[in-house]
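In what follows, a single structure is set out as structure tokens and then discussed.
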Amino acid sequence: MAEIHHFDYGWVTPAFSYLLSVLGSLLGLTCAVRLRTARTGTERNWWLVLAALAIGATGIWSMHFVAMLGFEVVGTQIRYDVGLTAASVLIAFVAVGAGLAIALLGNGARQIRIVLGGVLAGLGVAAMHYTGMAAMRLNGDIHYSASRVALSVVIAVVAASVALWLTLVVRKPAVIFASALVMGIAVNGMHFTGMSAMSVLSKHGSDPIEGATAGSLLVPIGLAVVFGLLGMVYALISAPSEEDRAAAEYLDSRLQARTERQPQSQPDPTGRGTLGNGSWSYRDRASR
């Protein structure tokens, strides 16, 4: 069996992967709060897409990619199939989006919807992880421990169910932040449990390995994540919150009530302006 290192760069890759998972979860939970208060179908769909991107693409998949930067198999290079890597992103986005739609857009039977959405999203996250692992190309045969694979799937389902429950109940910023910290632990726990299930049987020889290196994928993926995060932050800042809408409605109601209380002004046949209860104009002042 080949020797495997999961933290080839020390604490750097797990720290950054945890930071990404927390940041994605934080944005996703915030988008879920906006989704619950949305008033139109277009707004709900918009916030659903953003929440799925934040949690699925940023909080889960980007965390997976950064953690893989520290993965090394002694004695062989590692390359990645670009098509399967892209497919793993799509799987994470669709699975989380479907789970969120089931949990947040339905009516009644909330617990059942959370369980169904959690199972679907959790299985999708596990499929994303192992699709990403299948994208690896190295000089050896990859084997998995069935018990640890099963454990990683269970963790993914439980973590997804808890995440969906949080999207339904959290509202205050402090609670959202604490929930994102917990979700980050769950996502990283699932990833490294799945990675621990892997073993590699080395092959003799040094056949050329096709595919992209992790370093060559780092720049385009990093740019996509950065611009995606900036776009989501801008969308959250620019969109009116429920408090903003309530304040605007209150001001409109006060303005309308004030307008209704004011009597209709009558035209002045003399062409003179009025001040208070008496007539007065600059012509009057000039004649005095």
Non-hydrogen side-chain atoms of [X] and [Y] separated by less than 4.5 Å:
X      : Y      : answer
Thr58  : Met232 : yes
Ile142 : Met133 : no
Ile4   : Val74  : no
Arg34  : Leu50  : no
Leu116 : Leu120 : no
Leu166 : Val175 : no
Ile55  : Ile60  : yes
Leu20  : Phe65  : no

- Single hit among Thr37, Val33, Leu236, Thr30 for side chain to side chain contact (heavy atoms under 4.5 Å, CB included) with Trp47: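 Of all the options given, the one that passes is Leu236.
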- Query: Out of Leu229, Leu230, Leu223, which residue meets the side chain to side chain contact (heavy atoms under 4.5 Å, CB included) rule with Val226?
  - Reply: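 Between Val226 and the candidates, side chain to side chain contact (heavy atoms under 4.5 Å, CB included) is satisfied uniquely by Leu230.
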Rounded distance [0.5 Å steps], [atom1] in [X] versus [atom2] in [Y]:
X      : Y      : atom1 : atom2 : answer
Leu104 : Leu168 : CG    : CG    : 5.0 Å
Ser196 : Leu151 : OG    : CG    : 7.5 Å
Met190 : Ser152 : CE    : OG    : 4.5 Å
Leu53  : Phe93  : CG    : CZ    : 4.5 Å
Ile91  : Trp61  : CD1   : CH2   : 12.0 Å

- Applying side-chain hydrogen bond (donor to acceptor under 3.5 Å, both in side chains), name anything that partners Ser199, two or more places apart in sequence or on another chain.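 Ser199 satisfies side-chain hydrogen bond (donor to acceptor under 3.5 Å, both in side chains) with no other residue.
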- side-chain hydrogen bond (donor to acceptor under 3.5 Å, both in side chains) against Glu3, all qualifying residues, sequence neighbours excluded: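 Per chain and number, Glu3 pairs via side-chain hydrogen bond (donor to acceptor under 3.5 Å, both in side chains) with His5.
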- Query: After noting the C-alpha distance and the side-chain angles of Leu35 and Cys31, does the key distance pass the side chain to side chain contact (heavy atoms under 4.5 Å, CB included) rule?
  - Reply: CA-CA 6 Å; Leu35 189 154; Cys31 291; over 6 Å; no
State yes or no: do [X] and [Y] share one hydrophobic cluster built from I, L, V, M, F, W and Y residues joined by side-chain heavy-atom distances below 4.5 Å, directly or via other members?
X      : Y      : value
Leu218 : Tyr80  : yes
Ile102 : Leu29  : no
Ile112 : Val119 : no
Ile78  : Met68  : yes

- Item | Sequence neighbours excluded, every pair satisfying salt bridge (charged side-chain N to carboxylate O under 4.0 Å, His left out) that has a member inside residues 65-82 |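 Output for this query lists Asp81-Arg137.
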Take atom [atom1] of [X] as the centre, draw a 6.0 Å sphere, and report whether it contains more than 12 heavy atoms from other residues, nucleotides or ligands.
X      : atom1 : value
Phe192 : CZ    : yes
Phe16  : CZ    : no
Ile185 : CD1   : yes
Arg36  : CZ    : yes

- Do the ring centers of Trp11 and Phe7 come within less than 6.0 Å of each other?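 That pair fails the under 6.0 Å test.
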- Task: Under the side chain to side chain contact (heavy atoms under 4.5 Å, CB included) rule, what do Val187 and Val22 come out as? Steps first, then yes or no, please.
- Result: CA-CA 9 Å; Val187 170; Val22 171; over 6 Å; no
- Message: Pair Thr42, Thr40 - check side chain to side chain donor-acceptor pair (under 3.5 Å), show working.
- Response: CA-CA 5 Å; Thr42 301; Thr40 65; 4.8 Å; no
- May I have all residue pairs that pass side-chain hydrogen bond (donor to acceptor under 3.5 Å, both in side chains) and include part of residues 211-221, sequence neighbours excluded?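 Those involving residues 211-221 are Thr213-Ser216.
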- Message: Show every side-chain hydrogen bond (donor to acceptor under 3.5 Å, both in side chains) that has at least one partner inside residues 174-190, sequence neighbours left out.
- Response: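 Checked against side-chain hydrogen bond (donor to acceptor under 3.5 Å, both in side chains) - neighbours excluded - the pairs reaching residues 174-190 are Ser17-Asn188, Ser21-Asn188.
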- Task: Sequence neighbours left out, what pairs pass ring pair (Phe, Tyr, Trp, His ring centres under 6.0 Å) with at least one residue falling in residues 103-134?
- Result: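 For residues 103-134, and leaving out neighbouring residues, the ring pair (Phe, Tyr, Trp, His ring centres under 6.0 Å) pairs sorted by first residue read His64-His129, His129-His191, Tyr130-Tyr144.
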- What heavy-atom pair brings Gly140 and Val200 nearest, and what distance separates the two atoms?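 Answer, listing the atom of Gly140 first, then Val200: CA-CG1, 4.2 Å.
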- Message: Between Thr76 (side chain only) and Asn139 (backbone N and O only), is there a donor and an acceptor less than 3.5 Å apart?
- Response: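 It does hold such a pair.
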- Task: Using atom types as modelled and distance alone, determine if a side-chain donor or acceptor of Tyr18 lies under 3.5 Å from a backbone N or O of Met63.
- Result: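 No.
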